[in-house]
Structure formats: C-alpha cells, structure tokens
There are 2 protein chains.
Amino acid sequence: MTEETARPVIRVLLADDEGMIRSALAALLRLEGDIDVIAECADGLQAVAEAERLQPDVCLLDLEMPGLDGVEVAERLRRTIAARCVVVTRHARPGVLRRALSAGVAGFLPKSRDAGEVAAVIRRVAAGARYVDPEIAADALSDERCPLTDRELDVLRAGRRGETTAQIARALSLAPGTVRNHVSAILAKLAVDTRQQAVLLSQDRGWI
Amino acid sequence: MTEETARPVIRVLLADDEGMIRSALAALLRLEGDIDVIAECADGLQAVAEAERLQPDVCLLDLEMPGLDGVEVAERLRRTIAARCVVVTRHARPGVLRRALSAGVAGFLPKSRDAGEVAAVIRRVAAGARYVDPEIAADALSDERCPLTDRELDVLRAGRRGETTAQIARALSLAPGTVRNHVSAILAKLAVDTRQQAVLLSQDRGWI
DNA sequence: CCCCGGCCATGACATCTGTCACGGATCTAG
DNA sequence: CTAGATCCGTGACAGATGTCATGGCCGGGG
C-alpha cells in the first residue's frame, strides 16, 4: 500500500466458533497489506466484549455461534460502537438476510463464496458501502415471508428438540390443548404432517 | 525446501462443500513449499472421480458433504488407489471416528483445530504415519457403543426427517405396527420420549 | 437333539397428538 | 360505538403413536 493516508489500515475483528475457518481467514487477511486482524473470537459474547474494548472498524461475524449468533452480536454493537458488521453464514436463506439487514448489518456473505472475496467485501464495507451477496438478494426479493404468528413461533421453538406437548405447555405456561392447537395451525400453514418436519422446514428457511 | 529429494512435493486433493473454507485451506496449503493442491472438489462423487483420475498422495476430505460423505469417499478410494485419506469434520464424535478408522482413514482432525495444523497432519500422513486428534481419541476410548440393532437404525434413518409411521413402513416394506415396535425399542434404549429426540441424540453421537 | 437368547415381525390396547368448533381479548376502520 | 379481522386459549373428538405380549426364525451351546 503506497498511499497510507488514502487507504488507512482497516482494523478487523473476527468471530467464528469453528477454529479452523477462523484461523484460516485470519491468516489470509493478514496477508493483505491494508487489513489488520486485531481480535479472534470463538463465540458471540466474547465478540461483543472484545469489540467494545478494541473498537474495530469492521466486525466479520459468523452467524452460527454459541451464545449470541452473528446477527444478535451486530444488533448489540449497533448501539454501543461505530463498527460496521459483515455476517457470514453457512445457510444463507432469505429469512436470515432479512433478519440481518434489520439489525443494521452492512455486509452479508454466504460461506459458499470464495475466501478471496472476504477481503474485498471488508474493504467495501469499511469504505461505507453495503454489500449483500447478489444471489441471496435475488432470492430474498421473490420469497415468502414467514406465515407463522409470534406465539406459533414460540411453540415451535419450545418444541424444536422433540419436546413432548406437555413439556412445551409447561415451558410456556399453557394448557396442553392450546399447544396442540398452535401446532395444528403450524402444520396447516406449512403444509407438513409432523412437528419435526415443521421444525426442519422453519430452520431451513431461517425462521427460527 | 532445500532437500527436494528427501521431501518430494506432496500432491493433495481437497474436498469440502463449503467454498469459503475449501478455498481458504487451498490458499494456505499453497503457501507451503512442499505441498501442491492438485484438485478442489465440492462433493463426494466429484472427489472420487478426481482422485481416481489424478492419483493424489493425500486426500483431505470434509465429512459433511452432499452425495457421499468423507468416510464413504475414503472407503471407495481404498479399493482403487493408494492415496492416504485425512477426514476433517465439524462434529467430531467418537462414533464418527470409529467409522472413519474402520474405513481405513489415516488422519482424523476436527475443524475446531487451527488451520495451521492441517499442513503438519498432511506431512505426517504422507510419510506413512497415522494421525488422530488426541482429544477425540481420548473420548473414543471411554464411550458407549451404539446400542441399536441394524433394523432399528434403518427405522431411525427412514424417519429422520419427521416422516410418518406409515411412510417409514412403506419405505422399508413393513407393517406400521412393526415400525412402531422398533421405534418403541429405540426410545427405551436411548431413554428419550420422542422420535425426534432419538434422531437428534443419534446424530449427535455419530450413529446415523 | 433341544433349549436358549437375540432379532424381527405382528396385532390389541392405552395414551398422546392433531383437528375442529367455539369464546374472549385486542386492534382497526368506518 | 360497532363490525370485522386477527390472534390467543380451551375442551371434545378421531386418528396416529407408543407399549405390551406373543410367535417365528436363526445360530450357538449344553
């Protein structure tokens, strides 16, 4: 980089629970002259803490992390620091993208893309632009929004591990019959036959 | 590398369905003087075809791939070419390790490890040694084997997406009552309450 | 040989789950 | 205010699921 003033070093925080990809991305980014990886985090809470401490220019956040996921991290950081966030995800679905954008995320990149693109996206985002993967963006335009009501999503979430009706009812302080009713509505709306299929479909779409 | 004769270049085939980690690993490995990435594959079938065509020294295989998974690829290659295989996985469970070792895999590395270790493992494996992640190996020694019978595993697999009893019965050419009986045995053995919990537990343990 | 243990398969029965019709609460539009 | 729409909560009913007892089939000992 010959023009340090025109292109100052971009300070990047990296968060991904998968050690191999985290370290690989960090190594590749460090090869770029204008990018400085100042922190590597393995979960969402750590990412928030380090970001608030170090005030990076850009946060590169994996979506799937224990504790807080990438979008939740971005949402918290929006209120406390000025960093711009890029969310990277394995399962890039329109629902997830919508969630990310409404959390103020500046970049959205599926892990199916080449690692070489990451540096380019970081530069664009650091320069104030937004970047959304074109393919996902196209999908998001012509897709169906989640047809489930809030309470139905609660029920689905409470039963996503195969919990029994009685357990869900206890967790949400409802009568078992009410839970069954919600489940019934969910199955009808999603046009599937069992709870498990409803859970899989909703996870696939990024609704839960 | 000053001694090319003592350390000839290791020809590596790389297979991972996640483009970002595949390209990142390829880029890092190419920085090593003694490693040559000769192929990058996105799924198991492609990996088998390319391996048989190019005869690599080492195959670095992701476990989770569409089509054939990493262990299945290793199993096929064992009979056709001399390449040694390293399996890399996100969910490193004792059951998976056992499956991998009985397929003749020479190296086993979870994705929680640092990307820098990959090159070292490739060198050791290429030199004829075996490498198994010490942490997983320790787990594998003191663990419980799958208590389910073959037929019970069939039923579990056939119902892993939330299929209905009737659908499972049709898929396996059984009476619905028989399927319910197997399911009942599964739930008792795994000490869980629903099919979905049984599926999740078994996937977690690497049994299906 | 016969018995035993494991696995697979089946039908009857009890329980759980999904469906339906209903009432109450809240919000919006007219 | 009232009508309509939407969502939440509930109980009664039918059908699917899980449990149990039973029998056939094989392979390994006594």
Side-chain angles (χ1 to χ4, degrees), chain A residues 95 98-99 102 143-208, chain B residues 95 98-99 102 143-208:
Chain A
R98 215 190 316 278
R99 213 159 65 84
S102 72
D143 86 317
E144 70 280 63
R145 189 164 297 255
C146 174
L148 301 180
T149 177
D150 289 348
R151 204 63 173 148
E152 285 161 0
L153 283 174
D154 288 342
V155 171
L156 205 56
R157 266 188 280 267
R160 102 196 91 141
R161 296 251 167 235
E163 286 84 350
T164 203
T165 301
Q167 290 172 324
I168 299 172
R170 241 173 286 130
L172 299 180
S173 300
L174 289 177
T178 306
V179 172
R180 292 203 299 274
N181 193 20
H182 285 305
V183 171
S184 182
I186 292 167
L187 299 183
K189 284 180 182 174
L190 302 186
V192 296
D193 291 325
T194 66
R195 293 175 192 201
Q196 189 173 352
Q197 287 177 5
V199 169
L200 290 172
L201 183 69
S202 301
Q203 284 176 341
D204 196 56
R205 295 262 214 282
W207 293 337
I208 56 177
Chain B
R98 214 190 316 279
R99 212 158 66 83
S102 73
D143 85 318
E144 71 278 66
R145 192 163 296 257
C146 173
L148 301 180
T149 177
D150 289 348
R151 205 65 173 147
E152 284 161 1
L153 283 173
D154 287 343
V155 171
L156 204 56
R157 265 188 280 266
R160 103 198 90 142
R161 296 255 167 232
E163 285 83 350
T164 201
T165 301
Q167 290 172 324
I168 299 172
R170 240 172 288 129
L172 299 180
S173 300
L174 289 177
T178 306
V179 172
R180 291 205 298 274
N181 193 19
H182 284 305
V183 170
S184 182
I186 292 166
L187 300 183
K189 283 180 182 174
L190 302 186
V192 296
D193 292 325
T194 68
R195 295 175 191 201
Q196 188 173 353
Q197 287 178 5
V199 169
L200 292 172
L201 184 69
S202 301
Q203 283 175 341
D204 195 57
R205 294 263 214 280
W207 294 337
I208 57 177

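Letters go in sequence order (proteins before strands), and every chain restarts at 1.
Residues from residues 148-165 of chain A lying near DNA chain D, meaning a heavy-atom separation below 4.0 Å, are Thr149(A), Arg151(A) in numerical order. Within residues 172-184 of chain B, the residues having any heavy atom closer than 4.0 Å to DNA chain C are, in order of number, Leu174(B), Ala175(B), Gly177(B), Thr178(B), Arg180(B), Asn181(B), His182(B).
Applying the salt bridge (Lys or Arg N to Asp or Glu O under 4.0 Å) criterion to Arg151(A), with sequence neighbours excluded, gives Asp154(A). With sequence neighbours excluded, the residues forming a side-chain contact (heavy atoms from CB on, under 4.5 Å) with Thr164(B) are Ala166(B), Gln167(B), listed by chain and number. Considering only residues two or more places apart in sequence or on other chains, Arg160(B) meets the salt bridge (Lys or Arg N to Asp or Glu O under 4.0 Å) condition with none of them. Partners of Asp204(B) by salt bridge (Lys or Arg N to Asp or Glu O under 4.0 Å), not counting sequence neighbours, listed by chain and number: Arg93(B). Under the side-chain contact (heavy atoms from CB on, under 4.5 Å) criterion, Ala188(B) pairs with no residue at all, not counting sequence neighbours. Contacts of Leu187(B) classified as side-chain contact (heavy atoms from CB on, under 4.5 Å), with partners at least two apart in sequence or in another chain: Val183(B), Val192(B), Ala198(B).
Residue pairs meeting the salt bridge (charged side-chain N to carboxylate O under 4.0 Å, His left out) criterion with at least one partner in residues 173-190 of chain B, sequence neighbours excluded, are Glu152(B)-Lys189(B). Pairs passing the side-chain hydrogen bond (donor to acceptor under 3.5 Å, both in side chains) check and including a residue from residues 193-203 of chain B, sequence neighbours excluded, read Thr165(B)-Arg195(B).
The minimum heavy-atom distance between Leu153(A) and Trp207(A), with the atom names listed, is CD2-O, 4.1 Å. Nearest heavy atoms, Ala169(A) versus Val179(A): CA-CG2, 3.6 Å.
At whole-Å resolution of the value, CD1 in Ile168(A) and P in dT10(D) are 15 Å apart.
First and last contacting nucleotides of DNA chain C toward chain A (any atom under 4.0 angstrom from a heavy atom, 5' to 3' order): dT17(C) to dA21(C).
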